[in-house]
Visitor: 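Before anything else, here's the structure in question.
Letters A, B, ... are given to chains in the order of the sequence lines, protein chains preceding strands, and every chain is numbered from 1. Keep in mind the model is a prediction, meaning the values are calculated, not measured.
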Amino acid sequence: MVKIQIYPTDISYKLVKDRPVVLLYGKTTDGKRICVQDKNFEPYLMVVVKDPESAQKNIKNSNIMDDERKIPITKIEIVKRKYLNQDLRLLKVHTKNPKDISKIKSELREEYSVFEYDLKFTRRYLVDREIVPFVLTDVEGELLNKKSRVSVLDAQSIEQNSTEVLDNINVLAVDIETYNPRGKNVDAEKDPIVMVALYGKDFRKVIVTKKFQTDLDYIEFAEDEAELLTKLKDHINDFKPDCITGYYSDEFDLPYIETRASKNNVKLDIGLDYSPIIVRKGRRTSARMMGIVHLDIYQFIRKAFRTTLDTPRYSLGDVAKELIGAEKDEVDLGKLAKVYNESPEDLEIYCKYNLRDTELTFKLAHELMPNLIELIKAIGLTLYDVSRMGFSQLVEWYLIRRSKDFNELVPNRPSRDELKKRRNQTYKGAFVYKPSPGLYENIVISDFRSLYPSIITTHNISPDTLNCDCCEGKNKVPGLDYWFCENKKGFISTLISELITRRQRINEIIKDKKSKILFARQYAIKTIANAMYGYLGFYISRWYCLECAKSITSYGRYYIQMLIDDAKEQNFKILYGDTDSIFLALEDKTRQDAQKFIESVNHKLPEHMELESEGFYPRGIFVSAKMGSYGAKKKYALLSEKGDIKITGLETIRRNISPIAKRTQLRVLELILKDNDTKKALHYVKKVVDDLRKDKVDIKDLVIHTQLQKELSEYQSIGPHVAVARILKKKGFDVGPGTVIQYVISEDGDKIRDRAKPVEDCKNYDENYYINNQVIPAVDKIFEVIGYSKENLLASLDQKKLDKFF
DNA sequence: GCGCGCCGGGG
DNA sequence: GTGTACGGCGCGC
C-alpha cells in the first residue's frame with residue numbers, strides 16, 4: 001500500500017468489462033504527473049416513488065433491455081431529498097455502465113418521475129466524492145504496472161483534507177500557421193501546416209517545413225509536414241505539460257493538427273495513455289487529450305470573462321492588448337503562402353510572428369489562471385470544464401455541487417415543450433429614468449451595491465420559498481401576486497447570503513493587503529452571485545423560476561423608485577437612473593448634502609442592502625433622446641475630478657468612421673466638459689470644416705476602415721468598401737473575407753460607392769461628404785444639447801466670423 | 001417589428 | 001458522452 005498526495009488536474013473514465021474506471025490525472029507533490037484510478041464509483045439515477053418498498057421490488061424484478069442485453073440493476077437504496085418545498089422519498093437506482101443510464105431513464109420514466117439521469121459521469125463523481133480539482137488530495141492504493149506515460153495507482157481511498165492548491169501548473173502554448181493561398185478560408189483537408197510554435201516556461205520552439213538561413217536558435221527545420229508533426233509530438237512529450245493552451249484552439253489549431261496527423265499517417269498519441277487528440281464535433285467543436293488539460297483561453301475569455309473587458313472583439317490582438325498590454329507582431333499573413341513558395345529566405349518574420357502568438361497566449365493563460373483556479377474551487381469542476389462554461393452553466397454546477405450539502409434533489413432540464421413555453425415568456429425588466437438632454441454640473445452618482453443579489457437575500461427569493469402555505473398572502477412582492485416564505489430560508493437565497501458574506505470578508509482583507517489571488521477569489525464569488533438572477537430567468541436552467549426573476553426586478557424597481565422619490569423630496573435634481581444607480585445634479589446643494597442623503601436612505605434600507613457613493617463628476621453631458629432607435633439610455637459623457645473624460649454609449653469606437661470625425665467628437669467633448677467653453681468647441685469644429693474645405697487635411701485622417709465579411713462575388717449590395725475591394729482586386733491585390741478595406745471618399749462620381757477610392761488613388765477628397773456625413777453627425781447631438789440645432793450649427797459654421805453669432 | 005440566418009475565433 | 005440547448009446583429013419581409 002502506497003500513500004501519496006496529488007493535485008488532480010483532469011478527470012476521465014474508461015470502461016473495463018462494462019464497469020467504469022475513473023481516471024484522475026494530476027501532479028504529485030514532488031512535481032511528477034500521475035494517474036490515479038478509482039473503480040469504486042457506480043452510476044445511478046433517482047426515481048420518485050409513492051411506495052418505496054414495493055417500487056424497489058418492482059424495479060429490481062423489471063427487465064430493462066438494451067436490444068438482447070439485460071441491463072443490470074446493481075443496487076437500489078431508499079433516500080430522502082428536498083425538492084422545491086416538498087420532502088420526497090426516492091430510490092437511488094445503480095447500474096454498472098454509465099452509458100446504460102439513459103436507457104434505464106427512458107424505461108422508468110414510463111411509470112415514475114426520474115431525476116439526475118443526465119449529469120456527466122465524471123462530474124457526478126467529483127461532486128459526490130467532494131473532490132475539487134487543483135486541491136491537495138490524499139490517496140492510498142497500489143501502484144500498477146500499466147502501459148502509460150505516467151505511473152498509475154489503483155486507489156483504495158481518495159480524500160481531500162487540505163485547502164492547499166497547485167500553483168505551479170506547467171503550461172505549454174501552441175499555435176500553428178497553415179499554407180493558405182486563398183486568403184481567408186482555411187481548409188484542413190487541403191492545406192498543410194507550414195509551421196508550429198510552442199511556448200512554455202524557459203521553452204520556445206518554432207518548427208517549420210522549409211529550410212532557410214537564420215540565427216534564431218528556437219527555429220527547427222522539418223523535412224515535411226509528417227516530420228513536423230512527429231517533432232511536435234516529441235517536444236510535447238519531453239516538456240511534459242499539465243496543460244496545453246491555445247487561442248481558439250478548440251475549433252482551429254487542435255482539430256487541424258489532428259486532421260493533418262491522420263492525413264500524414266502520423267500517430268499523434270500525446271495522451272498520457274497513448275491516445276490521440278480527441279476532437280468532438282458538434283455545434284461547437286472541442287478538443288481534449290487524456291491526462292493533459294486542453295485550455296482554449298479564448299473560450300474562457302469570451303464566455304465568462306467578457307464582462308470585464310472593454311474590447312468588443314475577442315481577437316488575440318485586441319484581448320492581449322487590453323489584458324496584458326502586449327501587441328501581436330505585424331506581418332502580412334496573406335503573403336505567407338507566396339513567401340513559402342518563392343522566397344523562403346523571408347520566412348523568419350513569420351516564425352517570429354508565430355512564436356509571438358504563443359507567447360501572448362501563454363501570458364494570457366498565466367494572467368487568467370488565478371481567476372480560473374478560484375472558479376474551479378468555487379464550482380468544483382475541472383479546468384477543462386470551467387474554462388468552457390458560460391455564466392448559466394457556472395451557476396448551475398455551483399448549485400448542483402451545493403445541492404448535496406442541502407440534501408436537495410437536482411431538478412431536470414426542461415423538456416422540448418417546456419422549453420418552447422419558457423422561451424415565449426417575457427417579463428418586465430429594470431427601471432430607467434430617462435435623462436433630459438443637457439449639460440450639467442456637479443454630478444453625484446450613487447448606486448446600490450450588488451442590487452439583485454442583495455434583493456435575493458433580503459427577500460428570501462428562491463424557487464422553494466415561493467408562495468409557501470405558511471405565509472399565504474403576507475408580504476407580497478410589489479405589484480405582483482407572489483410572496484416568499486418568512487419562516488425558513490430557501491436553498492438559493494441561503495447560498496447567495498453565504499456568497500455575499502464570504503465576499504465581504506475577502507474584500508475586508510484586500511483593503512489592508514492587496515492580493516491577486518484574493519482578488520480573483522472575490523471576483524469568482526461575485527461572478528456567481530451576479531449571474532444568479534439571470535440564471536433564474538434563463539429558459540434552459542434547471543432551477544428556472546420565472547416568478548423569482550420577476551420578483552427580483554420588481555423589488556429592484558421598487559427600491560430605485562423609492563430612491564428617486566426620496567431624492568425628489570429632498571429637492572435633488574435627478575438627471576438619470578438605470579436599474580441600480582441614480583445621477584443627481586447638486587445645483588445649490590453640497591457634496592456633504594448628497595452624502596447625508598445617501599446615509600439617510602441607507603438608514604431605512606434592509607440589513608443587506610446598501611446604497612453606495614460611486615463618484616463625483618464636475619461636469620457631464622447627456623445627449624438627445626432621439627439618437628437611433630435604442631433611445632437615450634446610456635448615452636453620456638462625464639468629466640472626472642482628475643480631468644478624464646468617461647464616455648458611455650456615444651459612437652466613438654465605431655470602425656467605419658474616419659479619424660477626423662472621431663477626433664472632432666472627442667475634442668468637442670473635452671472643450672465643453674473640461675474647458676466649459678462652447679465657443680471654443682464651435683470654433684474647433686469650424687476650423688476642422690475650414691481645413692476640410694481648404695484641402696488642408698491629411699488624407700490618413702480621412703481613411704475609413706471596413707472589413708470584408710464574405711467573398712466579393714457573394715455581395716448583393718455593393719457598399720463603398722466592396723466597390724473599393726473590386727478595384728483592389730483588379731490591381732492584383734489578394735482581397736477576400738477578413739481583409740480590412742481602407743478607403744477615402746473622393747469627388748469623382750455620383751453614388752458614394754463610385755466615389756470611394758483606395759487611399760493611394762485619391763487625389764481630391766470630397767469635403768462635403770466628410771463635413772456632412774462624418775464630422776457633423778459625430779457632434780451635432782452634442783451641440784443640440786447646448787442649444788444649437790443642426791441647422792443652427794451649420795449656419796454658424798458658414799459665418800465668416802463666429803463672434804457675431806454669440 | 002419580427003424572424004431567419006450567419007458569424008464569431010483561427011490562416 | 002448518464003450525448004441536444006449560443007447570442008448578437010444584420011438583412012429581408
Side-chain angles (χ1 to χ4, degrees), chain A residues 12-15 20 42-46 71 93-106 114-125 175-188 190-195 246-256 278 280-286 288 296-299 301-303 306 312-319 331-337 340 350 353-354 357 361 388-393 396 413-416 418-420 422-423 538-542 629 707 709-710 714 716-717 719 734 736-739:
Chain A
S12 185
Y13 82 101
K14 61 178 179 182
L15 288 172
E42 274 193 333
Y44 65 88
L45 50 70
M46 301 291 229
I71 296 176
V93 177
H94 296 253
T95 187
K96 286 184 187 171
N97 187 338
K99 294 184 168 62
D100 288 335
I101 288 284
S102 174
K103 184 81 192 170
I104 299 173
K105 171 224 19 178
S106 309
V114 193
F115 287 89
E116 303 193 6
Y117 49 78
D118 58 355
L119 304 174
K120 265 199 221 164
F121 184 63
T122 50
R123 293 182 183 177
R124 169 101 269 177
Y125 176 88
D175 180 45
I176 59 169
E177 307 298 330
T178 64
Y179 183 80
N180 182 248
R182 294 173 310 280
K184 176 110 175 152
N185 295 331
V186 263
D187 186 352
K190 277 193 223 149
D191 305 320
I193 298 170
V194 292
M195 59 180 78
Y247 202 85
Y248 203 56
S249 43
D250 255 348
E251 310 220 31
F252 185 69
D253 300 78
L254 260 49
Y256 208 107
I278 304 147
R280 209 174 76 84
K281 288 201 169 124
R283 202 178 175 77
R284 295 241 80 119
T285 306
S286 60
R288 62 182 308 153
D296 181 350
I297 197 68
Y298 161 81
Q299 302 281 5
I301 289 164
R302 201 191 58 122
K303 288 182 178 157
R306 59 161 178 236
R313 293 167 53 86
Y314 302 107
S315 60
L316 176 58
D318 289 347
V319 169
V331 299
D332 187 350
L333 263 186
K335 291 207 177 86
L336 173 56
Y340 185 82
Y350 289 95
Y353 166 87
N354 193 190
D357 274 6
T361 307
R388 284 168 180 73
M389 287 177 158
F391 294 115
S392 72
Q393 274 191 87
E396 187 148 285
R413 288 164 155 169
S415 66
R416 236 170 238 281
E418 177 64 22
L419 269 182
K420 223 182 229 168
R422 289 185 185 182
R423 279 191 101 138
F538 181 48
Y539 64 97
I540 291 173
S541 306
R542 290 174 188 268
S629 54
Q707 193 177 37
Q709 296 300 330
K710 45 192 178 185
E714 291 165 29
Q716 302 284 321
S717 57
D734 186 17
T739 314

Visitor: Applying side chain to side chain contact (heavy atoms under 4.5 Å, CB included), can you list everything that pairs with Lys105(A), at least two apart in sequence or on another chain?
Guide: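 Counting only residues at least two positions away or on another chain, Lys105(A) forms a side chain to side chain contact (heavy atoms under 4.5 Å, CB included) with Leu45(A), Ser102(A), Arg109(A), Val114(A), Tyr117(A).
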Visitor: Specify the separation, in whole Å, of atom CZ of Arg416(A) and atom P of dT4(C).
Guide: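 Those two atoms, CZ and P, are 12 Å apart.
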Visitor: Using a heavy-atom cut-off of 4.0 Å across all strands, would you classify Phe538(A) as base, sugar-phosphate, or nothing?
Guide: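 Sugar-phosphate only.
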Visitor: Between Ser102(A) and dG3(C), is there a contact of a side-chain N or O with OP1 or OP2 at under 4.0 Å?
Guide: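 Indeed, a polar side-chain atom of Ser102(A) lies that close.
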Visitor: Just how far, in rounded Å, is P of dT4(C) from NZ of Lys105(A)?
Guide: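 It is 10 Å, rounded to the nearest whole Å.
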Visitor: Counting only N and O atoms by type, is there a donor-acceptor contact under 3.5 Å from the side chain of Asp191(A) to the main-chain atoms of Thr178(A)?
Guide: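 No; zero donor-acceptor contacts below 3.5 Å.
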Visitor: Please give, in whole Å, the distance from dC6(C) C1' to Lys303(A) NZ?
Guide: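 So the two atoms are 8 Å apart, to the nearest Å.
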Visitor: Calculate the interatomic distance between Asp187(A) atom CG and dG10(B) atom C1'; express it in whole Å.
Guide: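 Rounded to whole Å, this separation is 14 Å.
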Visitor: What's the CZ-C1' distance between Arg388(A) and dC6(C), to the nearest Å?
Guide: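 Distance, rounded to whole Å: 16 Å.
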Visitor: Taking the P atom in each of dG1(C) and dA5(C), what is the distance between them to the nearest angstrom?
Guide: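 One P to the other, the span is 10 Å.
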Visitor: In whole Å, I'd like the distance from the CG atom of Leu336(A) to the P atom of dG10(B).
Guide: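 Distance check: Leu336(A) CG to dG10(B) P gives 16 Å.
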Visitor: Nearest to the side chain of Thr178(A) - dG3(C), dG1(C), dG11(B)?
Guide: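 Of dG3(C), dG1(C), dG11(B), dG11(B) is nearest to the side chain of Thr178(A).
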Visitor: Does Asp253(A) have any side chain to side chain contact (heavy atoms under 4.5 Å, CB included) partners at least two apart in sequence or in another chain, and if so, which?
Guide: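 Checked Asp253(A) against side chain to side chain contact (heavy atoms under 4.5 Å, CB included); matches are Asp175(A), Ile176(A), Ser249(A).
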Visitor: Choosing from dG11(B), dA5(C), dT4(C), which nucleotide comes nearest the side chain of Ile540(A)?
Guide: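 Of the options given, the side chain of Ile540(A) lies nearest dA5(C).
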Visitor: Closer than 4.0 Å, any side-chain N/O of Lys99(A) to the OP1 or OP2 of dG1(C)?
Guide: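 Negative; the distance criterion is not met.
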Visitor: Looking at every non-hydrogen atom in both residues, tell me the closest pair between Tyr539(A) and Arg422(A) and how far apart they are.
Guide: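 Closest approach of Tyr539(A) to Arg422(A): O-NH1, 2.9 Å.
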Visitor: What contact category does Tyr314(A) fall into here, base, sugar-phosphate, or nothing, at under 4.0 angstrom with non-hydrogen atoms?
Guide: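 Touches sugar-phosphate only.
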Visitor: For the pair Leu336(A) and Tyr353(A), evaluate side-chain contact (heavy atoms from CB on, under 4.5 Å) and give the outcome as yes or no after the intermediate values.
Guide: CA-CA 11 Å; Leu336(A) 173 56; Tyr353(A) 166 87; over 6 Å; no
Visitor: Is there a side-chain contact between Arg284(A) and the phosphate of dC6(C), meaning an N or O under 4.0 Å from OP1 or OP2?
Guide: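 Arg284(A) to dC6(C) OP1/OP2: no side-chain N or O under 4.0 Å.
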Visitor: What does Asp296(A) touch in the nucleic acid at a heavy-atom separation under 4.0 angstrom: a base, only the sugar-phosphate, or nothing?
Guide: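 Nothing, no heavy atom under 4.0 Å.
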Visitor: Let's see if you can work this out: which of dG10(B), dG7(C), dG11(B) has an atom nearest to the side-chain heavy atoms of Glu177(A)?
Guide: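 So the side chain of Glu177(A) is nearest to dG11(B).
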Visitor: Please classify the nucleic acid contact of Phe391(A) as base, sugar-phosphate, or nothing, using heavy-atom distances under 4.0 Å.
Guide: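 Nothing, no heavy atom under 4.0 Å.
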Visitor: According to side chain to side chain contact (heavy atoms under 4.5 Å, CB included), who are the partners of Arg284(A), at least two apart in sequence or on a separate chain?
Guide: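 By the side chain to side chain contact (heavy atoms under 4.5 Å, CB included) rule, Arg284(A) matches Tyr248(A), Glu251(A), Arg302(A).
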Visitor: With Asp118(A), which residues qualify under salt bridge (charged side-chain N to carboxylate O under 4.0 Å, His left out), at least two apart?
Guide: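 In terms of salt bridge (charged side-chain N to carboxylate O under 4.0 Å, His left out), with neighbours along the sequence ignored, Asp118(A) is linked to Arg413(A), Arg542(A).
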Visitor: The side chain of Arg280(A) lies closest to which of these nucleotides: dG3(C), dG1(C), dG10(B)?
Guide: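 Among the listed nucleotides, the one closest to the side chain of Arg280(A) is dG1(C).
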Visitor: Which is true for Ile176(A) with a 4.0 Å heavy-atom rule: it touches a base, it touches only sugar-phosphate, or it touches nothing?
Guide: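 Sugar-phosphate: the residue Ile176(A), judged by heavy atoms under 4.0 Å, touches backbone atoms but no base.
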Visitor: Could you state the OH-C1' distance from Tyr539(A) to dA5(C), rounded to the nearest angstrom?
Guide: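 Interatomic distance, OH of Tyr539(A) to C1' of dA5(C): 6 Å.
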Visitor: Check nucleotides 1-4 of chain B against the protein and report each pair of N or O atoms closer than 3.5 Å, with its distance, or say if there are none.
Guide:
none

Visitor: Under the side chain to side chain contact (heavy atoms under 4.5 Å, CB included) test, which residues partner Lys103(A), sequence neighbours left out?
Guide: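 With neighbours one apart ignored, the set is Ile64(A), Asp66(A), Ile71(A), Glu107(A).
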Visitor: Would you kindly give the CD-to-P distance between Glu396(A) and dC6(C), to the nearest whole Å?
Guide: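 In whole Å, dC6(C) P and Glu396(A) CD are 14 Å from each other.
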Visitor: Contact class for Leu419(A) (heavy atom, under 4.0 Å): base, sugar-phosphate, or nothing?
Guide: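 Base contact - Leu419(A) has a heavy atom under 4.0 Å of at least one base atom.
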Visitor: Would you give the length of the straight line joining atom OH of Tyr44(A) to atom CD1 of Ile104(A), rounded to the nearest 0.5 angstrom?
Guide: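 So the OH of Tyr44(A) and the CD1 of Ile104(A) are separated by 13.5 Å.
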Visitor: Reckon Tyr44(A) touches a base, only the sugar-phosphate, or nothing at all at heavy-atom distances under 4.0 Å?
Guide: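 Base, at least one base atom sits under 4.0 Å.
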Visitor: Starting at the 5' end of DNA chain B and moving along, which residue's nearest nucleotide shows up first, Arg302(A) or Tyr179(A)?
Guide: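 Its nucleotide being nearer the 5' end, the pick is Arg302(A).
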Visitor: Can you figure out which of dG10(B), dA5(C), dG8(B) approaches the side chain of Arg413(A) most closely?
Guide: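 In terms of side-chain proximity for Arg413(A), the closest of dG10(B), dA5(C), dG8(B) is dA5(C).
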